[in-house]
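Report on the structure given below.
Note that the coordinates shown come from a computational prediction; the quantities given were computed from them, not determined experimentally. Naming convention: chains lettered A, B, ... in sequence-line order (proteins, then strands); numbering from 1 in each chain.
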Amino acid sequence: AQRVTQPEKLLSVFKGAPVELKCNYSYSGSPELFWYVQYSRQRLQLLLRHISRESIKGFTADLNKGETSFHLKKPFAQEEDSAMYYCALRGAGSYQLTFGKGTKLSVIP
Amino acid sequence: EPEVTQTPSHQVTQMGQEVILRCVPISNHLYFYWYRQILGQKVEFLVSFYNNEISEKSEIFDDQFSVERPDGSNFTLKIRSTKLEDSAMYFCASRHQGRGNTEAFFGQGTRLTVV
């Protein structure tokens with residue numbers, strides 16, 4: 001069975017401080033990992049995915065297969081980063097996304 | 001930018017009633033999904049739909065649920081006889097075919113309240 005764990009329900013950081021949102025997964029094969037973000041009153045939208053190895057809005061995430069982690073990082077938090085962040089996994093050959101419970105990031109001005 | 005559109009944004013229904021949630025996926029997408037999120041819980045997969053048939057479904061998607069694409073544009077989720085525990089936010093998503101296009105685009109969601 002596949003599972004995604006986001007241990008922090010809420011993370012508060014000061015503006016300009018580094019941010020790390022943790023995500024660990026359980027999956028026996030080679031998964032695709034994603035980070036989705038949901039700003040207040042907006043839809044879920046893709047932030048980044050591990051296969052792209054890109055940086056979006058200053059966020060990066062590296063897939064660590066040894067630690068089965070896909071932590072989301074940003075060196076300097078901005079107020080507009082305040083949102084719900086969901087880590088998600090898609091298994092090989094599967095259609096569905098398995099989501100973590102989400103972490104609410106609050107950036108304090 | 002094209003978007004997935006869901007209607008209504010909020011639906012209140014009495015227990016035991018049938019409800020239909022509607023979604024218009026992005027026009028050139030071929031994979032369609034329904035997810036739900038009960039208040040305070042994680043987003044859960046319900047069903048995926050491709051080539052006019054269900055390709056995958058979860059344990060949640062029992063005989064009370066059905067999906068169809070009646071006219072080539074709308075993608076609907078029907079709950080035949082709603083229960084209190086069906087109260088949740090229901091999200092539709094669509095994805096373009098192709099291994100390189102693995103991003104799922106989500107709608108704004110329909111909040112279903114069963115009373």
- Task: Please check if atom NZ in B:Lys83 has more than 12 non-hydrogen atoms from other residues, nucleotides or ligands closer than 6.0 Å.
- Result: yes
- Note on the structure: Bottom line for A:Arg41: the part with an atom under 4.5 Å from chain B's heavy atoms is backbone
- Query: For residues B:Glu56 and A:Ser94, is any side-chain donor paired with an opposing acceptor at under 3.5 Å?
  - Reply: yes
- With a 4.5 angstrom heavy-atom cut-off, which part of B:Glu44 approaches chain A: side chain, backbone, both or neither? neither
- Is the side chain of B:Tyr35 donor-acceptor paired with the backbone N or O of A:Leu97 at a distance under 3.5 Å, no angle test? yes
- Should the heavy atoms of other residues, nucleotides or ligands under 6.0 Å from CG of B:Asp63 be counted, would the total exceed 12? no
- Item | Nearest-0.5 Å distance, CD of residue B:Gln37 to CD of residue A:Gln38 | 6.5 Å
- Item | Under 4.5 Å from any heavy atom of chain B - which part of A:Gln45 | neither
- Query: Contact part of B:Phe105 toward chain A, heavy-atom cut-off under 4.5 Å: side chain, backbone, both or neither?
  - Reply: neither
- Task: Check each atom of B:Ala104 against the heavy atoms of chain A and say whether the ones under 4.5 Å are side chain, backbone, both or neither.
- Result: both
- Item | Pairwise distance CD(A:Glu32) to CD(B:Glu103) - rounded to 0.5 angstrom | 12.0 Å
- Task: Could you look at B:Ser48 and say if it's the side chain, the backbone, both or neither that has a heavy atom under 4.5 Å from chain A?
- Result: side chain
- Message: Between A:Gln6 and B:Lys42, is there a side-chain heavy-atom distance shorter than 4.5 Å?
- Response: no
- Item | pair A:Tyr95-B:Arg95: side-chain heavy atoms closer than 4.5 Å | yes
